[in-house]
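The chains referred to below are lettered A, B, ... by the order of the sequence lines, with proteins before strands, and numbering in each begins at 1. Basis for what follows: all heavy atoms, side chains included, without hydrogens, waters or symmetry-related copies. Given the structure is predicted, the values throughout are model-derived calculations rather than measurements.
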There are 2 protein chains.
Amino acid sequence: MFKKVLVVEDMDDINRGVKIALLELNISEIDQVQYCDDAYLRIKKAIKDQKPYDLLISDLSFKVDHREQKYPSGETLIRALQEVQPDLKVIMYSVEDRLQKVRTLINTCNIKSYVCKGRHGLKELSKAIHTVYNNVQYLSPQVAKALSDRSNLEIDDYDLELVKQLSFGLSQDEISSYFKEENISPNSLSSIEKHLNKLKIQFKANNATHLVATVKDLGLI
Amino acid sequence: MFKKVLVVEDMDDINRGVKIALLELNISEIDQVQYCDDAYLRIKKAIKDQKPYDLLISDLSFKVDHREQKYPSGETLIRALQEVQPDLKVIMYSVEDRLQKVRTLINTCNIKSYVCKGRHGLKELSKAIHTVYNNVQYLSPQVAKALSDRSNLEIDDYDLELVKQLSFGLSQDEISSYFKEENISPNSLSSIEKHLNKLKIQFKANNATHLVATVKDLGLI
DNA sequence: TTGCCCGTTACGGATTGCCGTAATGTATTG
DNA sequence: CAATACATTACGGCAATCCGTAACGGGCAA
């Protein structure tokens, strides 16, 4: 089993629970920090001391408070760590169960497993630790289809950007200008209209406002 | 100190953490359930057995799963319990820190304290248990102003309903008709325009879409 | 009662969005 | 090269919204 594990999690209640779960797995050295920046420093120091961590368990989102952070989220932390300790095994442990988010995480970051917090979060976390130890990826059932099933991933980056700009209050005209500035194509008012139309059909939205509300509810933006 | 405490919390990791915190307060009888419906039944049974609970610690939002629930949220549970055991002391323990929500909860339900989950959630929970035991209300600092400060609560139920209908995809015209059906007043197209205009200024929104996105981000709808 | 405040309602013009049609551009295939 | 398919762009008519102005009506104080 893993010997030296670091847990990054802002909430103290969850930290308590996770610690107990790890102790039950007979993991001896458990460090816990509540900020990503602290995690980064710990991992760097551990390498320097030639006692690197075997496993990182990290939350995704962290509450902001008075301490300004260089790495405000689990995602930024993981990306930074890929240059520090690329072979570090990472288990994401988060409430986030929206496929789009999870999918980009799994594909672009080098994470070994993704566990959704929930009624059986700790049980799944234990499972994940076991399988990751045996170099097998673990995904919570809710997100397992994030990799296999492509049906829910119909919205591409362009459309995402489009809806995002809408949510910022830009008119179609303004989005057209913005896209021209940013060299995002297509950028004609007409094309933007057409794409929005497609999206409205896709998400069964009556109008732009409804579309933004729906996409926000789905957590895509 | 309290003798018999019930904890309603869906996530198992937090349950573990909370249990330890309660044990450290020398509370002997700790029951934990992961569904509000279970909590309701337990409390009823405890009364029937003439061994009622002293304290209820409840989460607000619960993940939905296969089990259909009569009480899907902490709020519905608490409201139901007011008829079962009105004198039961209740501490809400939730990540929810948006003033509007917390305020209506404190004012309309009979809850003794509100603790925000966070980096020091457990510490605050311990504090809250102590003060509630001494019949003093405890509020996490983040929401303390929910009661005192009225400045952030500028949006009333009417405006909230208005924005909500917008987010459902209704046009101003349709909202006007809807309000007439529901006998919500004012309901003329003109008034709806005016109210929306006021809201757009208030939330610095360029248009309706922007307004809905902003209000959704603030968690008001 | 009169005057005033304030919220509601009504209306008109300017802007934006919605939707269908059509022209242009581009990549693919036989 | 021609034929085809598909995406992008352009345009026009009509609906929804934005925004200013103004009329109407209830509550309240002089």
Exercise. Could you tell me whether A:Glu182 atom CD has more than 12 heavy atoms of other residues or ligands within 6.0 Å of it?
Key: yes
Tell me the interatomic distance from [X], atom [atom1], to [N], atom [atom2], rounded to whole angstroms.
X	N	atom1	atom2	value
A:Asp173	D:dA10	CG	P	12 Å
A:Tyr158	D:dA7	OH	C1'	11 Å
B:Phe179	C:dT8	CZ	C1'	14 Å

Within the distance-only criterion (no hydrogens, no angle test), does the side chain of [X] pair as donor or acceptor with the backbone N or O of [Y] below 3.5 angstrom?
X	Y	result
B:Asp37	B:Tyr71	yes
B:Gln85	B:Tyr53	yes
B:Ser176	B:Gln172	no
B:Tyr93	B:Val7	no

Quiz item: Of all of residues 160-172 of chain B, which get a heavy atom below 4.0 angstrom from DNA chain D, listed by number?
Solution: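 Residues of residues 160-172 of chain B that come under 4.0 Å of DNA chain D are, in numerical order, B:Ser171, B:Gln172.
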Quiz item: Relative to each other, are the rings of A:Phe2 and A:Tyr133 parallel, tilted or perpendicular (30° and 60° limits)?
Solution: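 The rings of A:Phe2 and A:Tyr133 stand perpendicular, inter-plane angle above 60°.
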Practice problem: Identify, residue by residue, the members of residues 184-200 of chain A with a heavy atom below 4.0 Å from DNA chain C, and return them in order of residue number, or none. | Solution: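 Those residues whose heavy atoms fall under 4.0 Å from DNA chain C, taken from residues 184-200 of chain A in numerical order, are A:Glu193, A:Asn197, A:Lys200.
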Self-check item: Smallest separation among heavy atoms of A:Val163 and A:Leu211, with atom names
Solution: CG2-CD2, 4.2 Å
Quiz item: Does B:Asp12 have any side chain to side chain donor-acceptor pair (under 3.5 Å) partners at least two apart in sequence or in another chain, and if so, which?
Solution: none
